[in-house]
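One structure below.
In what follows, every chain begins at residue 1, and chains take the letters A, B, ... in the order their sequences are listed. Just so it is clear, the model here is predicted, and its values are computed rather than measured.
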2 protein chains.
Amino acid sequence: MALTDIATRTYNHSWRLDPIIRSLLDTDFYKLLMLQMIRSFHPEVQVTFGLINRSKQIRLADVIEEAELRAQLDHARELRFTKKELIWLAGNSFYGKTQMFTPDFIAWLAEFRLPDYELRKVDGQYELTFAGPWTHSMMWEIPALAIVNELRSRQALKTWDRFALDVLYARAKSKLWDKVERLKKLPDLRISDFGTRRRHGHLWQRWCVEALKEGLGPTFTGTSNVLLAMENDLEAIGTNAHELPMVLAALADSDEELKRAPYRVLDEWRQVYGGNLLIVLPDAFGTTAFLDDAPSWLADWTGFRPDSAPPIEAGEQIIAWWKSQGRDPRSKLLIFSDGMDIDSIEEAYRHFHGRVRTGFGWGTNLTNDFVGCSPVGTPDLDPISLVCKVVSANGRPAVKLSDNPNKATGDPAEIARYLRVFGGADRKAKAVRV
Amino acid sequence: MALTDIATRTYNHSWRLDPIIRSLLDTDFYKLLMLQMIRSFHPEVQVTFGLINRSKQIRLADVIEEAELRAQLDHARELRFTKKELIWLAGNSFYGKTQMFTPDFIAWLAEFRLPDYELRKVDGQYELTFAGPWTHSMMWEIPALAIVNELRSRQALKTWDRFALDVLYARAKSKLWDKVERLKKLPDLRISDFGTRRRHGHLWQRWCVEALKEGLGPTFTGTSNVLLAMENDLEAIGTNAHELPMVLAALADSDEELKRAPYRVLDEWRQVYGGNLLIVLPDAFGTTAFLDDAPSWLADWTGFRPDSAPPIEAGEQIIAWWKSQGRDPRSKLLIFSDGMDIDSIEEAYRHFHGRVRTGFGWGTNLTNDFVGCSPVGTPDLDPISLVCKVVSANGRPAVKLSDNPNKATGDPAEIARYLRVFGGADRKAKAVRV
């Protein structure tokens, strides 16, 4: 009865590679926003990014085959922005603004390709680094993470039969939909997908995004994934990340300049962007230190994205700061995006509802939550805490302190110097699960 | 990237009919066993079967289009047993016995086709009857029920979008698999699929059967669906049904003959079948009456299938009867198949474990349990209590009393006569959900 399409079947069994990254737009939107700014202000800076697996008990080099990893990375390097992708970037409006990207920048993107990488195995882990102009190495962050994470899930599922896979995805879909039904009960909730880097797989992220669009309607404000935003007519979401203060801090020639680096970033940012893109990421070197020295013009910005302190404490701290600056928090925005899941989203939503506008960036626990879904019982599908961070800028070591010492990165001696400069007040260790 | 198989797509959008019944083996195994016996003992009897919708609040004629129903029934009438189906029936062993079906019977099946039907709308319900030789009309029971039930689910789902359907089936799969994981915890459980007649759809029953095979292994003893047994190399399960005592009772010329009819059926049965097929269905006219007058040779039979009394009460009553006959219940078998689901299966299993062998026939709640699975909230997927019963034999009205007055069928005056003859002791009304 069932007619087999022999051509398709033959093509399928001859596959050399099932590519994980199939478009340079399959990245987070903030990378493009930052890239445009970096290209304007810091086109000559050389930056090295490196993969860091904080879940050390998972020996990635034992799990993922090097040849497969190289094949996926090599494939990503062959990609170019396509004509229709660039037309969409140029013609779409982002955050209500048309021509967010200048024609000059779009023309530059047309020539873009990912730079080379260095890969070796050390102690059961992959040492994977990307060196080159900041404008190029920075674009590896998201595809590199997505590749490693998806290769890990693929490996876990390689020996599963058709039926176990069917039950796995049925359960994962059910689990997500149960979350959707809980989220639907929160009036005026604003939530978006931030799950590209840690996704189980690109097809699964696509399903998750479609599920939120279908289930939440306008409550689902968009996705950080530019490709999925384009394909699903969703808003592309995101502003800026730690790499900006980290690089500028690394380039600082004195402790005084180091102390001013986080504000210099924001000063550059406001020269390029406005409105809802004026979101402060305060925790690169500790939120308390950041607020203590923050310039008053920052109080005019739209909001903050606390990213490593506990959401409610961090939110209260920022609200107190707004009040100290004579601002009404009800007109301000807090974006929560650090390991959020349904319980913590509900909790933060209820805590702040009516007192401040909130938005949620839902990442790993949206696009990689298979806990309890396996019919054969394996922990290999649990997400790991994998990041791709700035290691150095113009040869100088880079540091992130974070509000959570477990999320700090960088050379210990440099961390000590940063702690001396920024103080390190109110930093609290909590376990980093994802 | 995705290559569309245009030929398949064109075929799909030109579909005239998506047939529900695609094989005459898509029926319950007991129909074939009964048919062989009926053909030997009662080849001339004329029997009319009729559809009875006990869920009167569901106005089936308003839900299902008459043209669609006719198209499906007409399609089923075009079917013949195929060569490979007959070879399988002839060559397979059933219940450990080779050549269960005689060459003569197999040759007769090769000529078989379903007889005509009569269909009309009365008060929002379909009056659907099948008249003809018992050997032919009886074969409509299962396909007719499967067709009406599936047309009802198809109607409920007609306007759903692709995504809601995806969530629905993901949840239904998850729900079934959660039941599978509970069943796995019951050592030596024996359970089989009895869900053809009330299935949500033929593809869904297929998935359920594959799920039980995959998840339960040898605990899953087989399926009543002959086609699925063949396709999945499973045991075909089933023995006999109420139509046998109902027809023989209807044909009885006196009250005395009526009272003997249930035992006459079993006497004929044992002349054709043996071993594990010697299962008594005691409740057609009340289990208590049946046991009171049961001949002593029945105590040698393998087991009983109580089908309308509460499982534990009925089981205890039968165990007491075995003991009164000097038999050890531990060597006997009780088969539970009346509206069972995970809770009642666990309860009956635990209650009887070690005291009697048990087997479970899992029907409607296996193949049509979508409660809580709909992402859009509709009761139209809840199963209804639809049966296809003997209405008359050789022009005489047929009656079923059952242990549950809510499951009784037949003309009220005749029911009164049967109650006078059989007594009606211990009949207890309970709601009939499915």
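- Only the side chain of A/E181 comes within contact range of chain B, with heavy atoms under 4.5 Å apart.
- Separation of atoms CG (A/L89) and CG (A/L25) is listed at 5.5 Å; rounding is to 0.5 Å.
- Proximity to chain B (any heavy atom under 4.5 Å) is shown, for A/A211, by both the backbone and the side chain.
- Under a cut-off of 6.0 angstrom, the local environment of CZ in A/R152 is crowded, with over 12 non-hydrogen atoms contributed by other residues, nucleotides or ligands.
- Most heavy-atom pairs under 4.5 Å with chain B: of the set A/K173, A/K175, A/E210, A/R171, this distinction falls to A/R171.
- When heavy atoms are compared at a cutoff of 4.5 Å, A/D178 approaches chain B by way of both its backbone and its side chain.
- Per-residue heavy-atom pair counts under 4.5 Å with chain A were compared for B/L176, B/D166, B/V180, and the maximum is reached by B/D166.
- Here B/F163 and A/W177 bring their ring centres to under 6.0 angstrom of each other.
- With respect to the salt-bridge test (charged N to carboxylate O, under 4.0 angstrom), the residues A/R206 and A/E231 qualify.
- The backbone N or O of A/E150 lies less than 3.5 Å from no partner atom in the side chain of A/R199, so there is not a single donor-acceptor pair.
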